[in-house]
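Whatever order the structure lists ligands and atoms in, that order sets their numbers, starting from 1.
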Amino acid sequence: MFIQWIFLISSATLISSATLISSKWIPERIVGGHLVSIESVPWQASLLKEDEHYCGAVIYSETVVLTAAHCVRDPSPSLYSVRVGSSSSIIGGQVVKALRVLKHDKYGQPFQYSNDIAVIQLQCSLQMGVGVSSIPLADSSPRLGSSVSVSGWGKIGLFKGGSELLLGTTVAIVNQKACQKSHFGRVSKDMICAAALGKDSCGGDSGGPLVSSGKLVGLVSFGGLICANPFRPGVYANVAELKPWILRTIQSL
Ligand code: ARG
């Protein structure tokens, strides 16, 4: 496994992921995903809890990252750090410790995953550059049916582990009412749903970016026990709706 992984890491930098995939060297990936390099999603961060990948996160500025509130249930800053600038969840890039963790004050209201967002202030500035940059927040929610991309180091399937290399996939925004029904009514206005046949985010991707036309439209939040279940769309914190809270919170730092 380790040898294979070393091989993947070195070959991924030499050969394009398309070559890797077409030659089927990686038999299984995040439900319908493909390898992506950090350079193509430089805002992607890994949230480490006690030094291990725990969730996704998104670079907002040199000193602020966003993640899901459920990823920082225990909000003690000393537990967390972020890794940026690496396609690997275990080596490389920059690792910076958290200084402050601020969960949305209405997280968990009215539903378990309502307002699933948190701001993390970092102890020192990220060195922005290749593979490390911020992404602007969307001002409006993407339209029904629009194509959005999601990335992360989360699980590649049921009973499977996470991926050591960053994966990404493309899904489409689905109807809010239908999504609400699929999730037993537990979908509020601060959420947006996206799905595609055989493609989804999964456990360990939470807090990571959902992107449309270069803007952050969502953060991975929940989706039911089985990922890529055609009856349970992936649910994301709706960044356009949560933007006022995000800006107010960052201003207060
Ligand atoms: N709650 C999961 C996490 O903590 C994310 C699940 C996303 N699921 C989905 N089917 N899209 O990482």
Side-chain angles (χ1 to χ4, degrees), residues 28-34 36 41 44-50 52-58 65-75 79-80 82-83 89 101 103-104 107-108 111-118 120 142 147-164 166-176 178-184 186-188 190-212 216-239:
E28 269 169 325
R29 284 158 234 113
I30 193 175
V31 247
H34 54 273
V36 294
V41 284
Q44 172 86 53
S46 157
L47 177 71
L48 311 179
K49 187 175 184 185
E50 293 178 313
E52 272 186 40
H53 172 82
Y54 187 63
C55 268
V58 182
V65 301
L66 305 174
T67 191
H70 82 259
C71 290
V72 288
R73 240 175 231 130
D74 179 345
L79 291 173
Y80 303 100
V82 293
R83 184 189 303 277
S89 65
V101 174
K103 282 189 270 187
H104 196 294
Y107 163 59
F111 308 119
Q112 186 186 358
Y113 287 101
S114 293
N115 303 297
D116 192 10
I117 190 163
I120 298 180
S147 146
V148 285
S149 31
V150 62
S151 45
W153 291 274
K155 289 192 182 178
I156 58 171
L158 190 62
F159 309 125
K160 301 216 167 78
S163 169
E164 287 122 338
L166 186 58
L167 301 176
T169 196
T170 307
V171 287
I173 300 296
V174 303
N175 179 271
Q176 188 82 355
C179 181
Q180 212 163 20
K181 278 196 187 137
S182 310
H183 288 287
F184 317 102
R186 294 174 202 136
V187 171
S188 32
D190 56 283
M191 304 175 194
I192 190 161
C193 307
L197 203 60
K199 304 201 269 183
D200 198 4
S201 48
C202 202
D205 289 323
S206 280
L210 184 73
V211 174
S212 170
L216 184 68
V217 295
L219 297 178
V220 179
S221 182
F222 72 101
L225 271 185
I226 301 168
C227 304
N229 174 347
F231 302 104
R232 305 266 183 276
V235 188
Y236 298 79
N238 187 338
V239 166

Which heavy atom of the protein is the closest neighbour of atom 5 (C) of ligand 1, given with residue, atom name and distance?
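Ranked first by proximity to atom 5 (C) of ligand 1 is Ser206 OG, 2.8 Å.
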Going by heavy atoms, is [X] under 4.0 Å from ligand 1?
| X | result |
| --- | --- |
| Gly203 | yes |
| Gly204 | yes |
| Ser221 | yes |

Is there a nitrogen or oxygen of Gly234 sitting under 3.5 Å from a nitrogen or oxygen of ligand 1?
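It does not: no N or O of Gly234 is found under 3.5 Å from an N or O of ligand 1.
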Judging by distance only, is a nitrogen or oxygen of Tyr113 under 3.5 angstrom from one on ligand 1?
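Between Tyr113 and ligand 1 (N or O atoms, distance only) the closest approach is not under 3.5 Å.
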Check whether any side-chain N or O of [X] sits under 3.5 Å from a backbone N or O of [Y] as a donor-acceptor pair, and report yes or no.
| X | Y | answer |
| --- | --- | --- |
| His183 | Pro233 | yes |
| Gln176 | Val187 | no |
| Asp190 | Asn115 | yes |

Checking side chain to side chain donor-acceptor pair (under 3.5 Å) for the pair Ser89/Ser46: CA distance, chi angles, key distance, verdict?
CA-CA 7 Å; Ser89 65; Ser46 157; over 6 Å; no
Pairing donors with acceptors under 3.5 angstrom, does anything connect the side chains of Thr169 and His34?
no
Cys202 SG to Trp153 CH2 distance, which is reported to the nearest 0.5 Å
16.0 Å
Using a strict cut-off of 4.0 Å, indicate which atoms of ligand 1 neighbour a heavy atom of His70.
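Result: 1 (N), 3 (C), 4 (O).
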Check Tyr236 against Val171 and note the closest heavy-atom contact, atom names and distance.
OH-CG2, 4.5 Å
Quick one: look at Asn229 and ligand 1, take heavy-atom pairs under 4.0 Å, and tell me if it's side chain, backbone, both or neither.
neither
Counting heavy atoms only, name the option from Gly152, Ser201, Cys202 that's nearest to atom 6 (C) of ligand 1.
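It is Cys202 that holds the nearest heavy atom.
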